[in-house]
**Q** 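I am attaching a structure below and will ask some questions about it afterwards.
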Amino acid sequence: VELTGATVPDQNGAGIRQEGKNLTVRNTYFHNNEDGILAGDNDGSEILIEGCEFANNGFGDGYSHNLYINHVAKLIFRYNYSHDCKEGHLVKSRAAENHILYNRLTQENGSGSYEIDLSNGGRSFVIGNLIQQGPSSNNSNLISYAGEGANPKNPSFELFVVNNTFVNQKGPGTFVNIGGAVDVPAVIRNNVF
């Protein structure tokens, strides 16, 4: 399935805009939308995305992304290829629990910001990914965790960054940036920087 060209007057058009509970997406190509997938708040929702490609999504304002998941119970994002975002992030999630597993998250020639933004923390596993920041990225951080502070919808703050390969082609930068507003027990192990 290919989803492309979603635009709306408020510049927040999405290939999939998920407002209900639970979503599974497999083997889908999201490109040239204002958002690839945009999920609203639903505390009981679990979202699984696997085997998909996200490319050239974003309006170019920094508020729209290849993938934007708001407050849900769990995001599982695995075996995907997200690249070349326009100003926004390759993956942005506010989920209480995040499993970002075995993906290729590469900005390449895009002008995006973070490769992974876990805005409000949560129990998060970033395992086995290729994470690359391109020379035209607008931010020097590759992963941002709890950068927008704590949120009562995310009661747990644990970060596991394991077995990833990080490539920074922008120059000076930070591979993993943990926000100062929360006390986070982080395990960052066996990565290649």
**Q** Counting N and O atoms only, with roles assigned by atom type, does the side chain of Asn120 sit under 3.5 Å from a partner on the main chain of Ala146, one being a donor and the other an acceptor?
**A** no
**Q** For Tyr81, I'd like to know if atom OH has over 12 heavy atoms of other residues, nucleotides or ligands within 6.0 Å.
**A** yes
**Q** Distance check, rounded to the nearest 0.5 Å: His99 atom NE2 versus Ser93 atom OG?
**A**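 Separation between the atoms: 10.5 Å.
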**Q** Give me the one residue out of Asn191, Val167, Leu142 that meets side-chain contact (heavy atoms from CB on, under 4.5 Å) with Phe175.
**A** Leu142
**Q** Return the CG to CD distance between Asn154 and Glu97, rounded to the nearest 0.5 Å.
**A**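 It is 10.5 Å, given to the nearest 0.5 Å.
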**Q** Would a distance-only check, ignoring hydrogens and angles, find a side-chain to backbone donor-acceptor pair under 3.5 Å from Glu46 to Ala73?
**A** no
**Q** For Leu159 and Val176, what are the C-alpha separation, side-chain angles and deciding distance, and is it a side-chain contact (heavy atoms from CB on, under 4.5 Å)?
**A** CA-CA 10 Å; Leu159 177 62; Val176 181; 4.0 Å; yes
**Q** Check whether Thr4 reaches the backbone of His31 with its side chain - one donor and one acceptor, N or O, closer than 3.5 Å.
**A**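 Confirmed, Thr4 side chain pairs with His31 backbone.
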**Q** Testing Leu3, Val25, Asn103 one by one against Cys52 for a side-chain contact (heavy atoms from CB on, under 4.5 Å), which residue passes?
**A** Val25
**Q** So which heavy atom on Tyr29 is nearest to which on Ala55, and how close?
**A** CE1-CB, 4.2 Å
**Q** Measuring from Asn163:CG to Thr165:OG1, what's the distance to the nearest 0.5 Å?
**A**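 Result: 9.0 Å between the selected atoms.
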**Q** Determine whether Asn80 and Leu67 make a side-chain contact, defined as any pair of heavy atoms from C-beta on separated by less than 4.5 Å.
**A** no
**Q** When you group the ILVMFWY residues by side-chain heavy-atom contacts below 4.5 Å and let the links chain together, are Leu23 and Val1 in the same group?
**A**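 Both belong to a single hydrophobic cluster.
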**Q** So among Leu75, Asn22, Thr24, which one has a side-chain contact (heavy atoms from CB on, under 4.5 Å) with Leu48?
**A** Thr24
**Q** Is the backbone of Asn57 close enough, under 3.5 Å, to the side chain of Asn33 for a donor and an acceptor to pair up by distance?
**A** no
**Q** Any sub-3.5 Å donor-acceptor pair from Asn129's side-chain atoms to Arg104's backbone N or O?
**A**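 Side chain of Asn129 to backbone of Arg104: no pair is present.
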**Q** Counting N and O atoms only, with roles assigned by atom type, does the side chain of Ser45 sit under 3.5 Å from a partner on the main chain of Val72, one being a donor and the other an acceptor?
**A** no
**Q** Assess the side chains of Glu53 and His83: does a donor N or O sit below 3.5 Å from an acceptor N or O?
**A**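 Judged by distance alone, the side chains do pair up.
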**Q** Check the surroundings of atom CG in Asp10: do more than 12 heavy atoms from other residues, nucleotides or ligands lie under 6.0 Å from it?
**A** yes
**Q** Flag yes if Tyr114 and Val161 sit in one hydrophobic cluster, no otherwise; membership is Ile, Leu, Val, Met, Phe, Trp, Tyr, and two members link when side-chain heavy atoms are under 4.5 Å apart.
**A** no
**Q** Please check: side-chain N/O of Asp35 versus main-chain N/O of Ser64, any donor-acceptor pairing under 3.5 Å?
**A** no
**Q** Using the rule that Ile, Leu, Val, Met, Phe, Trp and Tyr join whenever any side-chain heavy atoms are under 4.5 Å apart, tell me whether Ile127 and Leu118 fall into a single cluster.
**A**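 Hydrophobic grouping puts Ile127 apart from Leu118.
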**Q** Measuring from Asn98:CG to Ile47:CD1, what's the distance to the nearest 0.5 Å?
**A**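 One finds 10.0 Å between CG of Asn98 and CD1 of Ile47.
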**Q** So, does Asn70 use its side chain to make a donor-acceptor pair with the main chain of Ala39 at under 3.5 Å?
**A** yes
**Q** Quick one about Ser156 and Glu158 (side-chain donor to acceptor, distance below 3.5 Å, no hydrogens or angles considered), yes or no?
**A** yes
**Q** When you compare the side chains of Gln132 and Glu108, does any donor N or O come within less than 3.5 Å of an acceptor on the partner?
**A** no
**Q** For Ser119 and Lys92, does a side-chain donor sit closer than 3.5 Å to a side-chain acceptor?
**A** yes
**Q** I'd like to know if the side chain of Asn139 pairs up with that of Ser137 as donor and acceptor (distance under 3.5 Å, no hydrogens or angles considered).
**A**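 Note: Asn139 and Ser137 side chains miss the donor-acceptor criterion.
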**Q** Measure the acute angle between the ring planes of Phe54 and Phe30, then classify it against the limits of 30° and 60° as parallel, tilted or perpendicular.
**A**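 Rings of Phe54 and Phe30: parallel, as their planes differ by under 30°.
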**Q** Does Ile76 form a side-chain contact (heavy atoms from CB on, under 4.5 Å) with Glu50? I'd like the steps, not just the answer.
**A** CA-CA 8 Å; Ile76 300 172; Glu50 62 183 7; over 6 Å; no
**Q** Please determine, by modelled atom types, if Asn32 and Asn56 share a side-chain donor-acceptor pair under 3.5 angstrom.
**A**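 No donor-acceptor contact under 3.5 Å links the two side chains.
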**Q** Report the distance from atom CG of Leu130 to atom CG of Leu105, rounding to the nearest 0.5 Å.
**A** 7.5 Å
**Q** Got Glu87 and Asn138 here, is their nearest side-chain heavy-atom distance under 4.5 Å?
**A**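 Yes, their side chains come closer than 4.5 Å.
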**Q** Looking at CG of Asn168 and CG of Asn141, how far apart are the two atoms once the value is rounded to the nearest 0.5 Å?
**A** 9.5 Å
**Q** Looking only at heavy atoms, what is the nearest atom pair of Gln18 and Lys21, with distance?
**A**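 Heavy atoms only, the tightest pair is NE2-C, 3.9 Å.
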**Q** Determine whether Val187 and Phe166 fall in the same hydrophobic cluster, where Ile, Leu, Val, Met, Phe, Trp and Tyr are linked whenever their side-chain heavy atoms lie under 4.5 Å apart.
**A**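 Cluster IDs for Val187 and Phe166 differ.
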**Q** For Arg94 and Asp41, what are the C-alpha separation, side-chain angles and deciding distance, and is it a side-chain contact (heavy atoms from CB on, under 4.5 Å)?
**A** CA-CA 9 Å; Arg94 298 178 187 279; Asp41 289 348; 5.7 Å; no
**Q** Examine distances only and state if a side-chain atom of Asp84 and a backbone atom of Gly110 form a donor-acceptor pair shorter than 3.5 Å.
**A**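 Yes: the side chain of Asp84 pairs with the backbone of Gly110.
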**Q** Is a side-chain N or O of Glu34 found less than 3.5 angstrom from the main chain of Gly13, in a donor-acceptor match?
**A** yes
**Q** Give the C-alpha distance, both sets of side-chain angles, the deciding distance and a yes or no for side-chain contact (heavy atoms from CB on, under 4.5 Å) between His71 and Asn151.
**A** CA-CA 10 Å; His71 294 285; Asn151 186 293; 3.5 Å; yes
**Q** What orientation do His65 and Tyr68 show, parallel under 30°, tilted 30 to 60°, or perpendicular over 60°?
**A**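 It falls in the perpendicular class, over 60°.
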**Q** Among the clusters formed by ILVMFWY side chains lying less than 4.5 Å apart, do Ile143 and Phe193 turn up in the same one?
**A**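 Looking at the clustering, Phe193 is in the same group as Ile143.
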**Q** Which residue is it: Phe77, Phe160, Tyr145, Tyr102? I am looking for the one with a ring-ring contact (aromatic ring centres under 6.0 Å, His included) to Phe125.
**A**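 Only one option passes, and that is Phe160.
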